[in-house]
**Student:** 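Take this structure first; my questions come after.
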Amino acid sequence: MENAFQRVRDELERMGRTVGSCPFRTNYHIMPPVGWLNDPNGLCQFRGVFHAYFQYSPLNVHGGGGYWGHCVSSDLLCWEYREPVLAADTPEDRSGVYSGSALVETDRMYLFYTGNVKLPGDYDYIDAGRISTQLLVESGDGQQMSSKEKILGTEDYPADITEHVRDPKVWSEDGHYYMVLGARARRWEDGIRRDKGGILLYCSEDKKHWKLYREIVPQKAFGYMWECPDIFTLSGKKVLSFCPQGLARGEERFQNIYQSGYCLAKPGETLEEALCDSPEDTFREWDMGFDFYAPQTFEAEDGRRILIGWAGVPDTEDVHKNLSVKNGWQHCLTLPGELTLRDGKIFRTPVRELDKLPWQKGIAQENRYHWEDHAVRLFLSEIGGEKREVIIGSRKNGLIIRSEGNKTEISFLDETGKKALCGGGRGRRIGRTRGMVESLLILVDSSIAEIFVNGGESVFTTRIYLEKAERDMELCRSGKYKLEVV
Ligand code: FRU
């Protein structure tokens with residue numbers, strides 16, 4: 001048992017210096033201390049301190065799981081890394097301590113997660129060969145965990161649900177506890193197997209005994225599997241956030257391999273009613289960039305609903321790369337964003353703690369600004385739909401951010417359609433706002449850029465791998481802009 005955690009210490013000892021000196025390490029984003037990171041897990045504020053756990057593969061830079069990493073912060077921006085809190089070390093979670101969430105009750109923290117087991121053999125791992133168990137651990141300090149307790153297993157899932165059942169998000173409401181799980185439902189259409197993504201809702205009085213009370217699978221398939229569901233209330237409205245897999249790729253919608261977004265119930269409608277036919281028309285994507293998936297939200301002690309996503313997408317290693325791999329790590333999480341509901345849409349803006357950083361005015365010479373280790377914040381306002389272009393890097397090797405009318409585009413392509421090296425194989429992504437583009441907030445922290453259009457109506461997250469010497473920003477001087485560095 002000790003060994004699972006000792007192995008991480010040894011790997012950190014072996015690789016820590018290489019990882020730490022990588023030019024792509026960020027200042028204000030959660031990264032794996034070594035190896036691979038994916039989904040944010042167990043996000044919460046516990047006795048004033050923010051805790052972020054994450055899917056962590058310290059021993060393999062290409063993933064594969066094994067641990068929940070852990071870090072803490074007092075301001076959501078500067079994170080201190082702690083030892084992992086969970087390892088895949090029991091019969092129920094021996095192939096992976098998968099994603100899950102935190103429930104905080106005064107001085108106890110409860111972490112719910114999925115134990116994954118993949119039996120060796122010739123299985124499809126959909127109907128057979130996989131066992132998904134929902135588990136619970138408790139903690140008084142967010143670091144030392146109680147022993148693992150099984151709370152739901154195969155026998156508790158409806159018969160039409162495959163072995164893909166995971167990612168418990170738990171909350172309390174009206175004196176009861178609720179859990180939402182992502183699922184893949186077994187379905188046939190005209191004799192052909194066509195599975196559908198959906199959610200299972202469970203209810204409990206004591207966090208330990210759970211009863212199924214809803215199975216929601218839309219009539220018309222919206223992907224074959226939904227991962228990482230999250231249900232919360234924003235300005236009195238119920239929101240379901242989830243990650244459907246298997247949607248057809250469009251020109252301006254669903255541009256990545258897997259999606260993440262949300263549905264809101266219409267006035268007088270329950271979430272179930274909103275989802276029963278098809279979420280196709282109501283589903284809005286959280287992010288239009290290349291690197292965003294598996295977000296999770298939590299409520300801060302001051303009542304803010306905060307979202308953190310994984311700045312990555314599964315199964316993309318054949319499509320584009322993260323150039324930090326050679327230095328022994330890959331992936332990071334997004335900046336925490338505060339969610340607000342406006343005109344039936346959720347806006348995401350970086351948490352206000354960002355304003356407290358000691359930003360200094362950036363001095364741009366000509367139309368260029370060079371930075372190396374700083375994080376840069378560029379705000380363009382009063383755009384009125386006019387054409388704007390900002391280049392991070394250079395025209396030959398950079399990311400071009402263009403907006404015109406209601407359209408924003410981020411592109412690593414040059415005029416001939418060749419992809420910039422710093423994009424690692426990424427091409428172009430497009431997003432639109434309801435009205436004209438009025439403002440662009442561009443945040444670049446070493447190897448990640450996050451672009452917030454019209455106060456967070458539309459957001460683009462992308463990794464960008466510029467060597468320090470190449471960290472230029474080409475600014476358009478037309479219109480109003482403010483450039484700051486920290
Ligand atoms: C999403 C996901 C989750 C799962 C975890 C495993 O990226 O596939 O559904 O719990 O990653 O790392």
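Each residue takes its place number in the sequence, starting with 1. We count ligands from 1, going down the list as the structure has it; atoms in each ligand are counted the same way.
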**Student:** Quick one: does NZ or CZ of Arg342 land under 6.0 Å from the six-membered ring centre of Phe347, within 45 degrees of the ring axis?
**Tutor:** yes

**Student:** Could you list which atoms of ligand 1 come closer than 4.0 Å to a heavy atom of Ser99?
**Tutor:** 5 (C), 10 (O)

**Student:** Which atoms of ligand 1 have any heavy atom of Tyr293 under 4.0 Å away?
**Tutor:** 1 (C), 7 (O)

**Student:** Strictly by modelled atom types, are His29 and Glu450 linked by a side-chain donor-acceptor pair under 3.5 Å?
**Tutor:** yes

**Student:** Among Arg426, Arg429, Arg463, whose salt bridge (Lys or Arg N to Asp or Glu O under 4.0 Å) with Asp291 holds?
**Tutor:** Arg426

**Student:** With heavy atoms of Gln55 as the reference, note each atom of ligand 1 found under 4.0 Å away.
**Tutor:** 5 (C), 6 (C), 12 (O)

**Student:** Do Asn41 and Gln55 meet the criterion of a side-chain donor-acceptor pair at a distance under 3.5 Å?
**Tutor:** yes

**Student:** If I apply the N/O under 3.5 Å rule, does Glu227 come out as touching ligand 1?
**Tutor:** yes

**Student:** On a heavy-atom basis, I'd like to know which of Asn41, Thr114, Leu37, Asp39 is closest to atom 1 (C) of ligand 1.
**Tutor:** Asp39

**Student:** Just let me know how Asn38 lines up against ligand 1, side chain, backbone, both or neither, with a heavy-atom cut-off below 4.0 Å.
**Tutor:** side chain

**Student:** Between the side chains of Arg305 and Thr297, is a donor N or O closer than 3.5 angstrom to an acceptor N or O?
**Tutor:** yes

**Student:** Any salt bridge between Asp206 and Lys208, counting N to O under 4.0 Å?
**Tutor:** no

**Student:** Which of the atoms in ligand 1, numbered in the order shown and given with their element, are less than 4.0 Å from a heavy-atom of Asp167?
**Tutor:** 3 (C), 4 (C), 9 (O), 10 (O)

